[in-house]
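Only one structure is covered here, and it is reproduced in the block below.
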2 protein chains.
Amino acid sequence: MAATGETLTSERILEATEEVLRRHGPAKATVVDVARALGVSHGTVYRHFRTKAALREAVTKRWLDRTSELLAGIVAEDGDPEVRLRDWLAALFAAKRRKAGLDPELFATYTVLTDENGEAVADHVTDLIAQLTRIVRDGTESGGFTVSDPATAARAVFHATGRFHDPAYAREWQRPGIEDEFTALVDLLVRGLRSPSP
Amino acid sequence: MAATGETLTSERILEATEEVLRRHGPAKATVVDVARALGVSHGTVYRHFRTKAALREAVTKRWLDRTSELLAGIVAEDGDPEVRLRDWLAALFAAKRRKAGLDPELFATYTVLTDENGEAVADHVTDLIAQLTRIVRDGTESGGFTVSDPATAARAVFHATGRFHDPAYAREWQRPGIEDEFTALVDLLVRGLRSPSP
DNA sequence: CAGATGACAGATATTGAAATCTGTCATCTG
DNA sequence: CAGATGACAGATTTCAATATCTGTCATCTG
């Protein structure tokens with residue numbers, strides 16, 4: 001019997017799971033904990049998610065999607081593609097750095113989750129590169145950028161800036177001078193995109 | 001009493017330590033193992049290295065230095081800086097990828113060692129960026145590159161290519177298409193370095 | 001009868017006692 | 001006496017017993 005009067009939805013299970021992960025961390029968060037938090041038996045949770053791994057993957061996807069949505073707004077703007085590219089990269093860096101700085105434990109928890117859900121991360125990366133591709137293509141069509149293959153260039157830009165968005169580098173995001181390094185790299189990449197063909 | 005007639009040098013201890021690490025892996029390699037491999041008591045090893053951590057750090061440095069020396073050869077060549085830059089980056093990628101592919105366990109062992117010796121790695125990175133800076137400066141002076149600060153640009157290039165030399169990405173180095181990604185990124189960076197000032 | 005339950009088997013994690021290792025140092029040896 | 005040794009204390013790791021968890025399913029309930 002549920003402790004609240006609300007219907008038990010997958011959505012509510014995901015919220016409870018996030019809370020349990022926040023409280024106990026990724027190593028100790030169990031399906032039993034999630035069920036207890038919801039006031040149901042753990043068998044009920046398994047009615048909505050086939051396995052614990054599937055539940056954790058769903059939580060991971062939700063988390064990644066929040067970032068995607070934030071950045072999609074910048075892609076949709078109209079304005080100078082170069083400015084949008086810089087804004088997009090800066091927003092990605094800022095979002096990650098903010099999360100890592102604000103609640104390092106929670107960030108570490110999600111880093112564990114992303115490490116164990118390679119496919120969800122790959123999808124997310126595909127999504128982000130598609131967003132970047134759109135900006136680069138806009139820049140190519142409006143004449144600011146001179147790349148032959150926007151998708152390839154976008155992929156290169158994404159991976160080149162990994163140091164500023166890959167959680168593996170989170171430790172470095174607190175260091176002084178990191179902002180300047182970010183700016184120097186983005187400047188170099190933008191110069192490369194604008195450069196007259198070789 | 002040593003099993004061989006040779007004098008016990010720090011060098012011989014380092015060689016034995018590498019062998020023990022290769023055989024037992026980073027988690028199980030002990031100072032006692034190293035002493036046994038040399039036919040001496042473990043107290044003797046402590047006469048040459050104050051702690052186990054210092055011993056492992058020395059092994060790590062040796063390993064990193066081998067890569068530095070390899071690349072220093074390319075820096076010293078004379079020839080088109082753009083070509084040297086491409087060669088240098090390709091050599092770094094190839095060396096890492098070769099090691100990771102040839103003996104994944106040993107590579108994993110050294111990845112653990114580098115993870116626990118942040119300072120040695122930082123020195124190594126400083127060294128590599130200094131090498132890159134020399135190439136970029138040459139390119140600037142001979143007119144091929146147009147950057148205002150070669151050291152900053154070199155740092156940006158190094159970090160931009162992290163995906164192709166940071167052991168954290170070793171898994172991706174086996175994937176098809178990785179060569180093309182590498183080429184696309186290096187092309188973009190070189191275009192950025194050559195680009196007329198903004 | 002749709003949805004929830006909790007007992008259950010096998011897998012995984014925790015725990016605490018025993019074994020091993022690290023680092024020191026008084027002693028030994030060539 | 002420079003260099004090596006091995007006994008030792010405290011720290012760390014191993015191992016096996018114990019507890020908890022995951023995932024299933026026969027049963028229950030509104």
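We use all heavy atoms of the structure for the numbers below, so side chains are in, but hydrogens, waters and symmetry mates are not. Quick note on labels: first sequence line is chain A, next is B, and so on, each numbered from 1.
If you check the side chains of Arg155(A) and Thr133(A), you find no donor sitting under 3.5 Å from an acceptor. Residues Thr17(A) and Arg56(A) have side chains that never bring a donor and an acceptor to within less than 3.5 angstrom of each other. With hydrogens and angles left out, the side-chain atoms of Lys52(A) and Thr30(A) include no donor and acceptor closer than 3.5 Å.
The distance between atom CG of Leu38(A) and atom P of dA4(C), rounded to the nearest whole Å, is 11 Å. The distance from atom CZ of Arg56(A) to atom P of dT22(D) is 9 Å, rounded to the nearest whole Å. Rounded to whole Å, atom C1' of dA4(D) lies 12 Å from atom CD1 of Ile13(B). Atom CG in Leu8(B) sits about 20 Å away from atom P in dT29(C), given to the nearest Å. Counting to the nearest Å, the P atom of dG6(C) and the OH atom of Tyr46(A) are 16 Å from each other.
Side chain of Lys28(B), nearest nucleotide from dG6(C), dT14(D), dG23(C): dT14(D). Closest to the side chain of Thr30(B), from the set dT22(C), dG23(C), dA4(D), is dT22(C). Relative to the side chain of Ser41(B), the nucleotides dT24(C), dG23(D), dT5(D) differ in distance, and dT5(D) lies closest. With dT5(D), dG6(C), dT22(D) as the candidates, the nucleotide lying closest to the side chain of Lys52(A) is dT22(D).
Between the side chain of His42(A) and the base of dG6(C) there is no donor-acceptor pair of N/O atoms closer than 3.5 Å.
Looking at heavy-atom distances under 4.0 Å, Thr44(A) makes contact with a base. Within 4.0 Å (heavy atoms only), Val31(A) reaches sugar-phosphate atoms of the nucleic acid but no base atom.
Checking dA17(C) for Watson-Crick or G-U wobble geometry (two distances, each under 3.5 Å) identifies dT14(D) as its partner. Across all strands shown, dT24(C) forms a Watson-Crick or G-U wobble pair with dA7(D), both key distances being under 3.5 Å. Pairing for dA2(C) is with dT29(D), a Watson-Crick or G-U wobble pair whose two hydrogen-bonding atom distances lie under 3.5 Å.
Taking the six-membered ring where tryptophan is involved, the planes of Tyr110(B) and Trp63(B) are essentially parallel, since the angle between them stays under 30° and well short of 60°.
Comparing Arg36(A) and Arg50(A) against DNA chain D, the residue whose closest nucleotide sits nearer the 5' end is Arg36(A). Between Val32(B) and Arg47(B), the residue whose closest nucleotide on DNA chain C is further toward the 5' end is Val32(B).
Note that CZ of Phe158(B) is 13.0 Å distant from CG of Leu189(B), once rounded to the nearest 0.5 Å.
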